[in-house]
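Each remark here refers to the structure printed beneath this line.
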There are 2 protein chains.
Amino acid sequence: MTVIFSKKCEYGLQAVLYLAAKDAGEVVSSDDIAKKLNIPKEFVSKILQSLTDSGLVNSKKGKAGGFLLAKHPANIRLLDVVAAIDGLEIFNSCVLGFPNCSPDHPCPLHEKWGALRTSAYNMLTEQTLDQLKEKTLNKIAHLEV
Amino acid sequence: MTVIFSKKCEYGLQAVLYLAAKDAGEVVSSDDIAKKLNIPKEFVSKILQSLTDSGLVNSKKGKAGGFLLAKHPANIRLLDVVAAIDGLEIFNSCVLGFPNCSPDHPCPLHEKWGALRTSAYNMLTEQTLDQLKEKTLNKIAHLEV
DNA sequence: CTTTAATCAGATAAAATAATCTGTTTATAA
DNA sequence: TTATAAACAGATTATTTTATCTGATTAAAG
């Protein structure tokens, strides 16, 4: 198989987009998130805990507790989430798996791939949770089974 | 972690590029390939066996046996190798892991990601093993440990 | 014809990723 | 103040991917 983001990262991105689509400050339980997004509750809970450690998400314990974004969604870029979960290695490693791939000793795809990779990086840097709110709401509205 | 191609696919691409950099018709053993590319012999052997089944590679059994490309390297696109090993699912599945991601019910990144994905697809379709021969030779020349 | 060196086939092992479970702590609300 | 519902912590399990092993078959070369 081929993957861009790990499952952890996909779920993490879905979850923070979901949080960003809620009203500011609203606390959402992992149970709610898991049900809405159709992903394992314990798993998404773990992921949000790690994003809490990373400072992107805040949590509230106890009854009526849950998660909420730690910053205004305009200040959270997709790249921040990816960096916190999967890391940025993908933007700095050879697409063909060659060692030492660099401008000095480029792999056969170095330039062509480099251009695509940069576009992807820029896109993830430009897009904030805020900017995607409308689209997220739309997608969520059609997640019913 | 984040990945574009599986290890299998990375090794497979490296191996066919290596074969394409050899003289036409030259038979190369998996042992040779493994040593040169610094990848596990049995693993690359398995991968080349599967590419043989896919019709991209031919094999020669017995002493002095090994592998060679089944077609002229100008007729093998990178996409063919990726398709044979990882499949093309990545070009047809949601980058955020949302179900049912389509123009009707797009995920928040549907358009932006779609553009990048198409660029990647086109690149892999345009690049043939032949076109990458010079660059492959250069890279291989600097693989020494 | 025998030795040797290769692919091939299938089983197995190891490592990484994904998912689940068990119990503890915490805070709300009845 | 007690019941409840949540995050949290850590261990465990399951699945997938990566890698290795064992033996069989094949073909070239001495």
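The analysis underlying the following values was restricted to heavy atoms, covering all of them including side chains, and did not include hydrogens, waters or symmetry mates. The chains referred to below are lettered A, B, ... by the order of the sequence lines, with proteins before strands, and numbering in each begins at 1.
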### Query
Within the structure, does a side-chain N or O atom of Tyr11(B) lie under 4.0 Å from either OP1 or OP2 of dA19(D)?
yes

## Note on the structure
In whole angstroms, the gap separating P of dA5(D) from NZ of Lys41(A) amounts to 11 Å

### Summary
Out of dA19(D), dC8(C), dA6(D), minimum distance to the side chain of Ser29(A) belongs to dA6(D)

### Message
With a 4.5 Å cut-off on side-chain heavy atoms, are Leu69(B) and Leu129(B) touching?
### Response
yes

### Presence of Ser30(A) side-chain N/O under 4.0 Å of dA6(D) phosphate oxygens OP1/OP2
no

### Task
When you get a sec, tell me which of dT20(D), dA19(D), dA9(D) is the closest nucleotide to the side chain of Lys46(B)?
dT20(D)

### Query
With distance as the sole criterion, is a donor-acceptor pair present between the side chains of Glu10(B) and Ser6(B) under 3.5 Å?
no

### Any residue meeting side-chain hydrogen bond (donor to acceptor under 3.5 Å, both in side chains) with Gln127(A), in chain and number order, not counting sequence neighbours
none

## Note on the structure
With B for base contact, S for sugar-phosphate-only contact and - for none (protein heavy atoms under 4.0 Å), nucleotides 25-30 of chain C reads -BBB--

### Message
Donor-acceptor check, side chain of Arg117(B) to backbone of Lys112(B), threshold 3.5 angstrom: yes or no?
### Response
no

### Task
State the CG-CG distance between Leu109(B) and Leu78(A), to the nearest 0.5 angstrom.
5.5 Å

### Message
Both Pro40(B) and Ser59(A) contact DNA chain D. Which one's nearest nucleotide lies toward the 5' end?
### Response
Ser59(A)

